[in-house]
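This report refers to the structure that appears directly beneath it.
Just so we're clear, the structure is a prediction, and the values are computed from it rather than from any experiment. So you know, we letter chains A, B, ... as the sequences are listed, proteins then strands, and number each from 1.
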2 protein chains.
Amino acid sequence: MSIALNNSRVAHRMGDIQPFYVMDILARARELEAQGKSIVHMEIGEPDFLTPQPIINAGVKAIATGSMFYTPALGLPALRSAIAGFYRDRYNLDLSPSRIIITPGSSGALLLTMGVLLNPGDQVLMADPGYPCNRHFVRFTEGQAVGVPVDASTGYQLTPELIDQHWTPQTVAVMLASPSNPTGTLIPPETLRAIAELVKSRGGKLIVDEIYHGLVYEGEAATALAISDELFVINSFSKYFGMTGWRLGWLVAPDDYEPVIDKLAQNIFLAPSTPAQYAALAAFTPETREILEDRRQQFKARRDYLLPALRELGFDIPVTPQGAFYLYAGCNKFTDDSFTFARDLLENAGVAITPGLDFGSHLPSRHVRFAYTTSLDNLKIGVNRLKQLNLGR
Amino acid sequence: MSIALNNSRVAHRMGDIQPFYVMDILARARELEAQGKSIVHMEIGEPDFLTPQPIINAGVKAIATGSMFYTPALGLPALRSAIAGFYRDRYNLDLSPSRIIITPGSSGALLLTMGVLLNPGDQVLMADPGYPCNRHFVRFTEGQAVGVPVDASTGYQLTPELIDQHWTPQTVAVMLASPSNPTGTLIPPETLRAIAELVKSRGGKLIVDEIYHGLVYEGEAATALAISDELFVINSFSKYFGMTGWRLGWLVAPDDYEPVIDKLAQNIFLAPSTPAQYAALAAFTPETREILEDRRQQFKARRDYLLPALRELGFDIPVTPQGAFYLYAGCNKFTDDSFTFARDLLENAGVAITPGLDFGSHLPSRHVRFAYTTSLDNLKIGVNRLKQLNLGR
């Protein structure tokens, strides 16, 4: 016989943590596909490429031994060193492996960072629109995410002026993302440096999301780590390295934070995934790099096709995105309700995109996000379908 | 040129979150091993067995496809169904797969549970001694873990009387573990039912850690899910299923919590590990079960050797542990400082054990934990070394 407990208890934080609205679009897209409809997926923030073969091979080889025990909480020493080598090769930067912390996805890196930095009520400034989980990690640890409205005039990025304007006595940190999700824009190195200096002068901490590094189509993004040893940089094996489902990322922290991050990681994760870490050891080989560079060229070709095509259709994309695999597009010409608009495109054209609602509260109903995480051929099909819709109010 | 930010900021919670003290013992043990010394490891809470071959095979097969994309945030539907099947087969219990949430280790299940239940200052009652991370998950989410001192008289478990005695207006939940780490004891079904009724009558939530289920040496542990649909049950692929490094666990939640847990899991994890989930699909086959049952017999043989041997040496183990792979032993006859005692055993006898300090603040200096996660032969070597020490004050 079952007894029923009173089940009404839900923590207040859950009232402020939103689901991914794109999941509604995705679920409906899957329904339509199950009915035999063809859907072009431009809503998904996950590349369509398989994990590169050398990484697969390394993973398979390690797993086949059966020896899948816990690693240290901060990760395999060999992987921490390999990442230090990556910073040396790619950015000409010497980092102590002790500053490199392997995490369960960049999600784990964000949780550790907010967990060691934020007291209840502490404010973190971040761009709106931005990656929604960032504000939810802050809320999860009882901090307060302060979305700063940004627009094309600053490349959808924070500036020293905006930070200065929104800083309060409760502000303890600033979070940047370069390239940004959903806008694909970078922060110029001189702006990054000016922001680092401002945040330092206020006694705050700077957190920089670099998970789309490597997916930059004009030159290379500069890492914030070249500017200061005192900031928190989030990175990931998911996007550039093609390892989404493996759930592996890393955090570069100031050196004196290692012990406090270690004890938090021990307690909330025990350790990152052992199979993923052994697989990732093959992520920095010349063979893998060649595959990844080829993919970067493919992403660039997709962007170079999709961007002018969407502009021609009437979408407003005032800043050319330099990285990631997203186009953040104003849809003002077509609608003032981007969620309904996205639903309509799905139902009427079989094109799935993400409504602005997922990225914050600054004009979300006037924007949508297109992800070029599907093939050039698919993108062309999608654009043609949109053309045939005769969009416009 | 680097600029230096002020790096003194550490959240208050980190002052209350302790590292695993056993890591000091482990690090010193590794040092001694590097010097050529032989160490018997009885400090490690991780079985010495490889991941079972059928699970390895399933993992390798899935990974070899390269198709390691994100799964849904709550896990692969096939794995949620397989776990429902496991409850049907082993416990004769029908659970809707919608209540089964796949998590990054049981750590992930604990984080989700505390995250959706606790507001700042909310109290959670739990046994002291107990698994240290439990109180740290509560602290992480700004709740307050209240350790209730338990001893042999209640089998080191909470009772309705103890819960009643420690309940305050701030109490919102009770956490149990059966079998318990570090004591290996179970909660009798009638006590579990009485606790569930009491917690319900107070409007609280009951959380039950069942991660050592399957590793029980007299009969089978009853799952708390047979008593009520309204509690949170934590489980794991790590211990019984031999998948520690894969980082995969699950949570069974009341049905109406699925949406709120889904949005939290989306935001803080995105999804559990894809390779681990495909591997775990092979965890419930007859072939795997046979391997695991053989291992259970080996654990039983280890316990049946180690328990009387330690008692004979003068360790105080008043309650026969029925499960897990731990013996929680009073060392009052030898020391009133179990940490120094553990260091001494390591230095003088090459035997590594865990000091009580890791399990709470109720008489930690009078207790140590022995883990029988190493072979019977190793355990015998360890016991012989202890014999030769002529322990005693």
Problem set entry | For chain A, the option from I56(B), I55(B), L110(B), N119(B) that forms the most heavy-atom pairs under 4.5 Å | N119(B)
Exercise. Looking only at heavy atoms, what is the nearest atom pair of G115(A) and A11(B), with distance?
Worked result: O-CB, 3.6 Å
Exercise. Applying a criterion of heavy atom separation less than 4.5 Å, what residues of residues 68-77 of chain B form contacts with chain A?
Worked result: M68(B), F69(B), Y70(B)
Seminar exercise, completed: Given D262(A), V60(A), L117(A), L248(A), the one with more heavy-atom pairs under 4.5 angstrom with chain B than any other is L117(A)
Seminar exercise, completed: Between the NZ atom in K263(B) and the NE2 atom in H136(A), the distance rounded to the nearest 0.5 Å is 8.0 Å
Problem set entry | Region of P47(A) in contact with chain B, defined by heavy-atom distances below 4.5 Å | backbone
For this session: Let me know if P52(B) has heavy atoms under 4.5 Å from chain A in its side chain, its backbone, both or neither.
Result: neither
Exercise. Is there side-chain contact between R247(A) and P104(B), with at least one heavy-atom pair below 4.5 Å?
Worked result: no
Exercise. What are the two closest heavy atoms between P275(A) and G245(B), and how far apart are they?
Worked result: CD-O, 3.6 Å
For this session: Check whether F137(A) gets within reach of chain B through its side chain, its backbone, both or neither, counting any heavy atom under 4.5 Å.
Result: side chain
Exercise. Counting heavy atoms not belonging to F269(A), are there more than 12 under 6.0 Å from its CZ?
Worked result: yes
Exercise. Rounded to the nearest 0.5 Å, how far apart are CG of N267(B) and CZ of R135(A)?
Worked result: 8.0 Å
Seminar exercise, completed: Bottom line for Y131(A): the part with an atom under 4.5 Å from chain B's heavy atoms is side chain
For this session: Please look at S106(A) and chain B and tell me whether the side chain, the backbone, both or neither of the residue comes under 4.5 angstrom of a heavy atom of that chain.
Result: neither
Seminar exercise, completed: Output for pair (F140(A) CZ, T141(B) OG1), nearest 0.5 Å, gives 6.5 Å
Exercise. Which residue out of I268(B), V260(B), L111(B) racks up the most heavy-atom pairs below 4.5 Å with chain A?
Worked result: I268(B)
Seminar exercise, completed: Honestly, the part of Q18(A) sitting under 4.5 Å from a heavy atom of chain B is backbone
Seminar exercise, completed: Of A271(A), G105(A), G59(A), the largest count of non-hydrogen pairs under 4.5 angstrom with chain B goes to A271(A)
Seminar exercise, completed: The reported gap from CG in L118(A) to CZ in R9(B) (rounded to nearest 0.5 angstrom) is 8.0 Å
Problem set entry | chain B interface, residue from Q266(A), K61(A), M114(A) that has the most non-hydrogen pairs under 4.5 Å | Q266(A)
For this session: Heavy atoms only, distances under 4.5 angstrom: which of I63(A), T274(A), T51(A), D122(A) has the most pairs with chain B? Name it, please.
Result: I63(A)
Exercise. Got a sec, which residues hit salt bridge (Lys or Arg N to Asp or Glu O under 4.0 Å) with R295(A), two or more places apart in sequence or on another chain?
Worked result: none
Seminar exercise, completed: Contacts of F241(B) meeting ring-ring contact (aromatic ring centres under 6.0 Å, His included) (sequence neighbours excluded), chain-then-number -> F86(B), F237(B), F284(B)
Problem set entry | Residue, of S273(B), S238(B), S67(B), A276(B), that accumulates the most heavy atom pairs under 4.5 Å with chain A | S273(B)
For this session: For F232(A), check ring-ring contact (aromatic ring centres under 6.0 Å, His included) against everything at least two apart and list the hits.
Result: Y257(A)
Exercise. Looking at M23(B), E46(B), Q277(B), which makes the most heavy-atom pairs under 4.5 Å with chain A?
Worked result: E46(B)
